[in-house]
Amino acid sequence: DLDGNTVTDAARAAGVDTSGLTVSAETPTAGYHATLDEAGGLIIGIADMKICDEMAPATLGPAAGASGERDFWIVDANLPVATLAFLVEEASASRRDIAALTVSPAKAVKLVPMLDRLSYLVTNRREAAALLGRDPNDPSATVARLATELAARRGGHVVVTNGAEPLSAAASTGEVRSYAPLKVAVAGVNGAGDSFAAGVVNGLWHNIGFNVAIRGGLADAALTLESGSVLQARFSEGAIAER
């Protein structure tokens, strides 16, 4: 469909290898519609992710088998449980780094059985609470405590964000740090969380260190918040470094 062609063309223009893409004969490209208030805050978001159900292990198997030694894998909880388990197991067996994004509290719980095999987990406070079976409205469920508990349970690196409030990052060493989001004039919140995750993963893949990678993620999020949309954000090494 038109949406799928638009995304594919943009990916190719950015230098992404799209040879592994498959096209569904029945289901349209995933879509997301958001309604924002006058301050750019999210009122409601509606997503159609049905096509993700077609991403079975057999569909992704060839791409997983053809990956290189330096590949950094990223999965999100829109994928079916069987596919998530397959990819996490493949990454673990081949000793490749894999990061997981939780998407929503309802979808985050898909990752519970495989938390101990993730290299990195990027989540928010409500999704982290769902992973731990905690009440997100419990005042004691702070981002620092949630990050600490998740890192202790899985022995890896965890980032728990909290909107405009400081986030917490727990390293596999047991160290926990807090980071305040950068001050920006918010034009819109749509895509800021994904931009943050992308910035963190980009830094990790370039081996700049966990805590420095988080700063890059915060810069990416700030650029998105100011632009009003991830589509209008102007990402560059210079812009990120300046932030």
Side-chain angles (χ1 to χ4, degrees), residues 4 7-8 11-12 14-25 27 29-30 47 49-124 127-128 130-132 147 150-160 169-173 193-210 213-214 217:
V7 172
T8 302
R12 288 174 180 152
V16 177
D17 179 5
T18 60
S19 62
L21 286 178
T22 59
V23 178
S24 172
T27 312
T29 300
M49 298 294 189
K50 183 179 179 182
I51 196 170
C52 293
D53 294 338
E54 298 183 21
M55 300 176 72
T59 304
L60 301 182
S67 63
E69 291 184 2
R70 289 193 66 239
D71 283 2
F72 192 115
W73 291 9
I74 306 103
V75 296
D76 74 35
N78 283 308
L79 293 170
V81 173
T83 304
L84 288 168
F86 165 74
L87 292 172
V88 170
E89 186 61 35
E90 286 288 303
S92 178
S94 58
R95 297 185 179 181
R96 290 186 176 90
D97 284 327
I98 184 167
L101 315 180
T102 45
V103 179
S104 72
K107 294 179 178 179
V109 294
K110 296 180 184 179
L111 294 164
V112 170
M114 54 203 83
L115 283 175
D116 60 334
R117 282 162 290 162
L118 296 174
S119 311
Y120 300 93
L121 177 67
V122 181
T123 185
N124 66 29
E127 293 156 5
L131 286 168
L132 292 165
L150 280 169
R153 177 174 293 193
R154 45 176 303 279
H157 295 71
V158 177
V159 182
V160 181
S172 58
T173 59
D194 289 331
S195 295
F196 170 77
V200 172
V201 169
N202 180 64
L204 294 172
W205 186 72
H206 283 93
N207 295 316
I208 64 174
F210 182 49
I214 291 170

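These figures come from a predicted structure and were not determined experimentally.
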Checking the side chain of Thr102 only, and the main-chain atoms of Ala108 only, is there a donor and an acceptor separated by less than 3.5 Å?
no
Is there a donor-acceptor pair under 3.5 Å between the side chain of Thr29 and the backbone N or O of Gly4?
yes
Any sub-3.5 Å donor-acceptor pair from Thr123's side-chain atoms to Val160's backbone N or O?
no
Leu204 vs Asp97, test: side-chain contact (heavy atoms from CB on, under 4.5 Å). Steps then yes/no.
CA-CA 9 Å; Leu204 294 172; Asp97 284 327; over 6 Å; no
Between Leu131 and Leu121, does a side-chain contact (heavy atoms from CB on, under 4.5 Å) hold up when you go through it step by step?
CA-CA 11 Å; Leu131 286 168; Leu121 177 67; 3.8 Å; yes
Interatomic distance, CG@Leu101 vs CG@Asn124, rounded to 0.5 Å, equals 11.0 Å
Give me the atom names and distance for the closest heavy-atom approach of Val109 to Ala130.
CG1-O, 3.8 Å
Rounding to 0.5 Å, atoms CE (Met114) and CG (Leu87) come to a distance of 9.5 Å
Worked check of side-chain contact (heavy atoms from CB on, under 4.5 Å) between Ile74 and Ile98
CA-CA 6 Å; Ile74 306 103; Ile98 184 167; over 6 Å; no
Between Ala77 and Leu84, what is the shortest heavy-atom contact and its length?
CA-CD1, 4.3 Å
Could you grab the distance from atom OG of Ser119 to atom CZ of Phe72, nearest 0.5 Å is fine?
6.5 Å
Heavy atoms of Ala151 and Ala171 approach each other most closely as CB-O, 4.4 Å
Quick check: does any side chain N or O of Ser104 sit under 3.5 Å from a backbone N or O of Lys107, one acting as donor and the other as acceptor?
yes
Go through Val159 and Phe210 one step at a time and tell me if the side-chain contact (heavy atoms from CB on, under 4.5 Å) criterion holds.
CA-CA 10 Å; Val159 182; Phe210 182 49; 3.7 Å; yes
Which class fits the ring pair Tyr120 and His157: parallel under 30°, tilted 30 to 60°, perpendicular over 60°?
tilted
Could you tell me whether a side-chain N or O of Lys110 sits under 3.5 Å from a main-chain N or O of Leu79, the two making a donor and an acceptor?
yes
For Glu54, what residues pass the salt bridge (Lys or Arg N to Asp or Glu O under 4.0 Å) criterion, not counting sequence neighbours?
none
How many angstroms lie between CG in Asn202 and CD1 in Ile208, if you round to the nearest 0.5 Å?
7.5 Å
Shortest non-hydrogen pair, Ala30 vs Met49, comes out as CB-SD, 3.5 Å
For Ala56 and Thr83 the tightest heavy-atom approach is CA-OG1, 3.5 Å
Which pair of heavy atoms, one from Cys52 and one from Pro80, lies closest together, and at what distance?
O-CD, 3.3 Å
